[in-house]
Amino acid sequence: MSRIGVFVCQCGNNIESTVDTGQVASDMKEMPGVVFSCTYKFMCSSPGQEMVRQAIKDKRLDGIVVSACSPHMHEKTFRKASESAGLNPYKCEIVNIREQCSWVHHDTTKKIGTRKSNDLTRMIIERLKKNKPLKKINIPVNKKALVIGGGIAGIQAALDIADGGREVILVEREPSIGGNMARLSETFPTMDCSQCILTPKMVEAELHDKIKILTYSEVEKLDGYIGNFTVTIKKKAKYVDESTCTGCGECMEKCPFKADSEFELGLNKRKVIYTPFPQAVPNIPVIDAPNCVMLTKGKCGICAKVCGPGSIDFEQKDEFIEEQVGAVVVATGYDLMPNERFGEYGYGKIKDVVSGMQFERLASSSGPTGGQIFRPSDGKVPEQIVFLQCIGSRDEAKGVSYCSKICCMYTAKHTMLYKHKVHDGQAYVFYMDIRAGGKRYEEFTRRAQEQEDAMYLRGRVARIYERDGKVVVQGADTLSGTQVVIEADMVVLATALVSRPGADSLAQKLGIGYDKYKFYNEYHPKLKPVETVTAGIFLSGACVGPMDIPESVSMGSASASKVLALFSSDEMAREPIVAAVNKQRCNACWDCVVACPYTAIEKEEVKDRQGNVIGWNANVNEGVCQGCGVCVAACRSKVVDLAGYTDEQVFAAINAF
Amino acid sequence: MKIPYYPGCTLNTTAKGFDLSARESAQTLGFEMEELEQWNCCGACFPLSPGNVMALAAPAKVLTNARKEGESVTTLCSVCYNVLKRTNVALNEDKARLAAVNDFIEEDYDGSLKVVHMLEVLRDTIGFDKVKEAVMRPLGKLKVGAYYGCMLLRPFKDVGIDRHEGPTIIEDLLTAMGCEAIDFPDKIECCGAHLTMGREDVVEKLSGNVIASAVNRGAEVIVTSCPLCQYNLEKSQESIMETNAGHKEVPIIYFTQLLGLSLGQTDEMAGLDGNKFDIRPLLKERGV
Amino acid sequence: MKMNINKDEIQSYAIEQLERISGEATKNCYQCGNCTGGCPVSYEMDIAPSKIIRMLQIGKIEAVKAANTMWLCVGCLQCHSRCPKSVSVASVLDALRQATFRSGADHIDVKEIPVSFLKNTPQQAIVCGFRKFVS
Amino acid sequence: MSEELKKVATGFEPKIMAFVCNWCTYAGADLAGTSRMEYKDNVRIIKLPCTGRIDPLFIIKAFENGADGVLVSGCHPGDCHYTTGNYHARRRWRAFKNLMDFTGIDETRLQFSWVSASEALKWVDLINKVTTQVKAAGPFIEYQGLSEKYDDGLGELPAETEGESKEC
Ligand SMILES: Cc1cc2nc3c(=O)[nH]c(=O)nc-3n(C[C@H](O)[C@H](O)[C@H](O)COP(=O)(O)OP(=O)(O)OC[C@H]3O[C@@H](n4cnc5c(N)ncnc54)[C@H](O)[C@@H]3O)c2cc1C
Ligand SMILES: Cc1cc2nc3c(=O)[nH]c(=O)nc-3n(C[C@H](O)[C@H](O)[C@H](O)COP(=O)(O)OP(=O)(O)OC[C@H]3O[C@@H](n4cnc5c(N)ncnc54)[C@H](O)[C@@H]3O)c2cc1C
Ligand code: SF4
Ligand code: SF4
Ligand code: SF4
Ligand code: SF4
Ligand code: SF4
Ligand code: SF4
Ligand code: SF4
Ligand code: SF4
């Protein structure tokens with residue numbers, strides 16, 4: 001038989017005015033298993049709590065029910081009090097007779113309030129009888145972080161974590177970190193040069209003794225859960241020994257073969273042994289294997305001959321590295337929709353129709369034209385240049401329905417860059433709306449129009465074609481309501497920001513969610529913008545959706561602070577409200593596995609003593625389970641249960657209804 | 001091999017050359033275009049508002065009769081192709097509409113006919129490679145602009161025989177025939193179509209744009225797949241020539257006529273007499 | 001020009017009926033102007049295609065009916081094929097023509113068409129012209 | 001309903017059981033309290049972490065135990081604290097609605113709703129609406145006696161329906 005104590009609070013007059021608490025206390029005392037009951041004016045006050053503690057000790061209570069305010073108010077208070085009196089905190093239950101009773105039933109005869117309080121308390125007493133003592137789950141935390149993606153967001157996250165004194169592994173797919181920002185010329189809204197603000201950060205990351213950068217690498221596999229991940233990283237062969245290469249560049253100088261530069265987006269060539277750009281970090285070249293004559297045909301080998309330290313190694317193979325980490329920051333960034341998607345704008349065939357990013361390269365002083373705006377077809381200075389916004393964005397029919405958010409801003413920037421370099425040139429912008437919702441952003445786009453003479457035309461362009469060396473742009477100016485034609489020299493498409501190819505497969509490896517555009521899902525778009533549904537995995541930058549540098553950096557820092565908070569103690573305490581499978585009776589139907597929103601349930605092999613697999617069952621990973629209980633309801637064999645909300649507890653409450 | 005063929009009204013009257021050259025070319029390429037036993041006018045324009053169910057009756061009748069004779073029907077005229085194919089799609093998409101139309105024409109067509117264009121037959125059934133092999137008179141030095149107009153391409157979802165912004169199917173055929181295919185930006189723009197009734201000024205402008213665009217890229221011949229395009233382009237060229245003495249005339253002929261010539265047909269077989277602007281002087285000049 | 005915008009016109013039966021016949025929802029249009037930009041005949045139209053939709057959005061169907069636009073549309077479908085919202089102005093204009101025909105009005109008088117035209121023009125142009133211009 | 005039952009129904013106060021999620025609806029109901037709103041007193045709440053935790057058996061058991069109506073409410077679709085828990089719940093309800101006929105429970109006795117933490121007013125309206133609705137449907141007697149068999153006044157169930165362990 002239980003020994004339960006019932007404490008009915010008056011809450012000053014808040015409860016007492018419509019509930020006869022004395023009556024409730026004495027009625028409950030009659031219930032089997034209840035050995036003590038009382039009322040008090042303010043149960044949550046220090047003397048109130050002391051009363052509870054005393055009763056637990058004196059009456060040797062094995063469970064208490066506090067009929068008072070909402071558990072969202074004081075459940076913690078009373079559970080703490082119970083614990084200090086030696087009672088398991090999960091043997092303390094709260095009945096809400098204030099917010100959901102005395103305050104909403106205004107009957108001053110107290111009949112209604114008393115009856116309802118009795119009912120509610122009775123239900124919880126019966127529930128309490130089925131409560132099991134529970135212990136907080138302690139998970140050890142491995143205080144090393146993995147950052148995937150070395151763009152500005154990933155670099156920022158890595159630096160902040162490292163500055164917090166924790167080790168970081170930064171994995172970057174390309175030969176250098178830097179991401180898309182490394183390509184930009186000057187950046188809105190302040191117009192500082194991208195390289196000037198990015199390069200120091202890249203170098204800082206390289207030199208930081210807590211950061212290990214793995215370039216030309218990708219995450220192959222991630223196992224485990226918060227605090228305890230095991231990651232397998234594939235390090236692609238660079239054919240250059242990183243430990244001996246001095247970055248002298250002799251090999252690149254002498255390599256006789258060239259290929260299209262990915263970094264320059266086809267506007268320029270690079271050598272077959274290359275770093276993507278001169279400020280690359282690390283400053284170690286890689287050999288583009290499919291284009292290397294030595295690696296494909298066994299001839300050449302010039303780079304090896306000229307390399308002083310003998311760092312070229314044609315025999316190098318891909319390597320797999322395993323690391324233990326406690327948290328992961330995903331910062332894999334974005335890509336741009338290719339120009340080839342847009343038939344009406346020349347399918348990428350008209351040379352003088354370029355993308356916004358290509359224009360960045362043309363405007364960049366380290367770009368293929370040294371910062372001069374020349375048109376690609378014949379190298380002439382464009383006297384009239386047309387910028388098209390929302391290309392592929394906000395286009396349900398042929399592109400994506402979302403707004404890419406940064407193109408309004410960078411287009412305004414482009415018109416300024418153009419005007420600064422071609423003083424008597426005319427820039428036109430076709431736009432649908434100008435979205436400049438950031439600090440000093442509206443002023444920026446206005447400046448482009450008022451001071452830098454950009455002509456903004458509200459409308460879309462229907463088609464672009466070449467005629468007599470001109471790029472003819474035919475569209476509408478909806479403000480004047482007519483079709484307009486501009487015989488331009490060059491056209492820049494502000495193409496949609498899209499997720500990286502393969503973003504979905506990375507998400508699957510990590511067990512995080514993504515939307516239909518393959519952008520990663522935040523746990524909550526407003527209140528948990530850097531968390532994912534998988535505890536311990538955080539998001540930063542444009543892999544979540546289109547965003548600019550200030551936002552990417554904020555998210556990088558936000559993720560870092562989450563990681564550092566997680567790393568602040570050796571163990572992580574978690575509420576013990578988790579599911580568990582009765583493995584003997586599980587029939588491996590995997591209904592729960594499918595249902596769990598957190599992929600917390602694994603398929604587990606059952607082995608005999610020889611190690612042969614003789615069956616399967618489900619197994620809940622306590623580190624991952626969030627305690628929603630979806631699996632419990634999903635299991636038709638009724639063999640999963642949720643601690644704290646077991647079927648038994650719920651049925652007991654229903655039965656006492 | 002026999003292919004059920006729907007000529008449509010215009011190919012029986014003003015566009016005889018289109019019909020003739022196509023049938024002859026088919027013979028050479030090893031198949032026969034067998035005219036449907038029973039057919040009526042398709043209506044010549046697809047009703048753009050779905051509320052207009054009655055206008056589907058005529059094309060539905062064509063589809064019904066064609067279905068009785070086979071599983072597919074081939075057309076030459078772009079307009080017929082557009083109307084029949086879209087009608088078929090519309091009837092398949094909306095069974096209520098199908099039932100209403102069936103009630104009206106007192107038939108019970110089930111939507112299972114396949115509507116194809118001659119260009120698709122040449123590309124998909126015969127193969128342009130085979131066409132290439134059959135060429136006896138390579139038109140190597142001829143610069144030909146392929147004019148698609150609207151009806152072969154739009155709406156893409158329902159009729160598009162090729163990418164609707166940058167189609168190449170006719171160019172691919174021209175290349176197989178040994179011509180130099182000229183890409184020009186206005187190849188998918190409208191000729192003015194039925195506005196020829198009452199608004200010739202508009203037709204002259206639109207068709208004029210098409211011709212100018214093709215000429216600007218160096219085209220000496222324009223091929224079409226639509227009698228109305230052909231008519232509008234020819235007529236507009238006449239007025240261009242009245243006002244612009246420097247304009248060098250461009251023969252505007254059906255792609256099947258050029259195909260016929262490359263396959264070695266005589267001028268009569270290719271129906272060259274029906275065209276306002278004769279291609280023969282140009283052929284002579286180029287020595288082909 | 002000044003317009004009085006009101007609920008009765010925006011929610012009028014005429015607009016509702018037009019949307020039903022045309023199968024197009026005018027509010028899907030976000031006024032990008034692509035249709036106007038690509039329409040080969042817009043230069044001749046009293047009201048350009050995108051403005052037609054705009055006028056209908058604000059309930060001005062009478063103004064739209066009075067314009068020459070519907071009689072100039074060639075049905076080339078450039079508007080529809082390039083509309084980012086898949087709106088077909090051509091269908092709306094077709095529905096407007098249908099509505100006009102239903103009220104018994106023809107756009108051209110058949111008797112006035114010259115015989116030479118009927119003789120020389122391809123059949124399809126005549127059939128199509130009749131369908132577009134007469135009830 | 002027979003005339004006789006209708007008579008019984010006059011002055012009849014239904015008992016309604018509500019299963020609500022901890023994060024949205026429970027907090028919404030709390031807000032109704034802090035705002036001192038007033039609503040019908042016929043509802044008794046059972047709090048669960050998520051509507052996804054709710055087993056259809058809970059509902060049947062509630063009816064067995066004398067509930068005249070059952071209310072289920074959680075976060076709005078897309079707002080679930082557990083991201084997709086309420087979608088699972090919704091799918092389950094759809095299947096369950098079909099089952100209702102089979103179990104002999106009138107559809108009006110079971111109400112599903114979404115109430116967020118800020119929708120105190122919606123909660124109040126919902127309770128009032130459900131109460132009126134269930135009142136109109138009259139007492140639920142189809143399952144009567146089912147639980148009475150075991151009724152010792154405390155609602156204890158015999159071991160076999162209760163689960164494995166009996167000790168408390
Ligand atoms: C034309 C143009 C102009 C712009 N101008 C401005 C401007 O003026 N001001 C401004 O604030 N913003 C501007 N932006 C936006 C800016 O580029 C982005 O906000 C910023 O680059 C986002 O940084 P990120 O780190 O999130 O992503 P990215 O820069 O894309 O970096 C992601 C990194 O992750 C790596 N990666 C991807 N997948 C993997 C993988 N699976 N494994 C390992 N590594 C991976 C990539 O190689 C890359 O290095 C502009 C954007 C464009 C397109
Ligand atoms: C009409 C309207 C609708 C909105 N709707 C949405 C929406 O739907 N979704 C959305 O995401 N955002 C919305 N927002 C924006 C949202 O309100 C803000 O983003 C958010 O509230 C900002 O939070 P904050 O903490 O920065 O500032 P605040 O909410 O302003 O909090 C600042 C706090 O600091 C206190 N304080 C100020 N000075 C001092 C001082 N000197 N010492 C001590 N305390 C001080 C203030 O009292 C206040 O409590 C809306 C805004 C408006 C105006
Ligand atoms: S020559 Fe050798 S040391 Fe110099 S950059 Fe090349 S690989 Fe490195
Ligand atoms: S071996 Fe390859 S990388 Fe080296 S110089 Fe030759 S082509 Fe270039
Ligand atoms: S940011 Fe501007 S240009 Fe880019 S998609 Fe949005 S509205 Fe269009
Ligand atoms: S100020 Fe507000 S209402 Fe105006 S554009 Fe900006 S966000 Fe929109
Ligand atoms: S309780 Fe929720 S999170 Fe935990 S295993 Fe079950 S479904 Fe997954
Ligand atoms: S749903 Fe139940 S029976 Fe099926 S795998 Fe999960 S625990 Fe096992
Ligand atoms: S193209 Fe479409 S969305 Fe744009 S204005 Fe025309 S109808 Fe509206
Ligand atoms: S279909 Fe009509 S409205 Fe549309 S582009 Fe063609 S002519 Fe213009």
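Keep in mind that this is a model prediction, so the values were computed, not measured. Proteins come first, then strands; the chains are lettered A, B, ... in the order of their sequence lines, and each starts at number 1.
From A:T532, atom OG1 reaches atom CZ of A:F538 across 7.5 Å, with rounding to the nearest 0.5 Å.
Chain D forms the most heavy-atom pairs under 4.5 Å with one residue out of A:Q100, A:R98, A:M123, and that residue is A:Q100. Between chain D and the options A:S70, A:G113, A:C596, A:G33, the largest number of non-hydrogen pairs under 4.5 Å is found for A:S70. Note: A:A633 leads A:A633, A:P525, A:G644, A:A595 in heavy-atom pairs under 4.5 Å with chain D. When A:N521, A:I577, A:V630 are compared by the number of non-hydrogen pairs under 4.5 Å with chain D, A:V630 comes out ahead. Top candidate by heavy-atom pairs under 4.5 Å with chain D, chosen from A:N14, A:V533, A:N96, A:L642, is A:N96.
With a 4.5 angstrom heavy-atom cutoff, D:V124 does not touch chain A via any of its atoms. Interface residue D:I16: only backbone heavy atoms are found under 4.5 Å from chain A. Contacts of D:N22 with chain A are made by both backbone and side-chain atoms, with heavy-atom separations under 4.5 Å. Using a 4.5 Å cut-off between heavy atoms, D:M37 touches chain A through its backbone atoms (N, CA, C, O) alone. For A:S102, no part sits under 4.5 Å from any heavy atom of chain D, backbone or side chain. In this structure, the portion of D:K40 lying under 4.5 Å from any heavy atom of chain A is its backbone and not its side chain. With a 4.5 angstrom heavy-atom cutoff, D:L31 does not touch chain A via any of its atoms. Looking at D:L48, the atoms closer than 4.5 Å to chain A (heavy atoms on both sides) sit in the backbone and in the side chain alike.
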Under the salt bridge (charged side-chain N to carboxylate O under 4.0 Å, His left out) rule, what do A:D119 and A:R122 come out as? Steps first, then yes or no, please. CA-CA 5 Å; A:D119 285 354; A:R122 189 176 63 243; 3.3 Å; yes
Let's go through D:C50 and D:C80 carefully: what are the C-alpha distance in whole Å and the side-chain angles of both, what is the deciding distance for side chain to side chain contact (heavy atoms under 4.5 Å, CB included) to 0.1 Å, and is it a yes or a no? CA-CA 8 Å; D:C50 175; D:C80 178; 4.0 Å; yes
Please assess A:E99 against D:Y26 for the test side chain to side chain donor-acceptor pair (under 3.5 Å), listing each intermediate value before the final yes or no. CA-CA 10 Å; A:E99 283 84 348; D:Y26 195 88; over 6 Å; no
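Under 3.5 Å, the side chains of A:Y225 and A:E622 contain no donor-acceptor pair of N or O atoms. For the 3.5 Å distance criterion, the side chains of A:E93 and A:N131 qualify, holding a donor opposite an acceptor.
Comment: A:D647 engages D:R53 in a salt bridge, judged by a side-chain N to carboxylate O separation of less than 4.0 angstrom.
Side-chain contact between D:P14 and D:T131: present, with at least one pair of heavy atoms (C-beta onward) separated by less than 4.5 Å.
The backbone N or O of A:P71 sits nowhere less than 3.5 Å from a side-chain atom of A:H74 that would complete a donor-acceptor pair.
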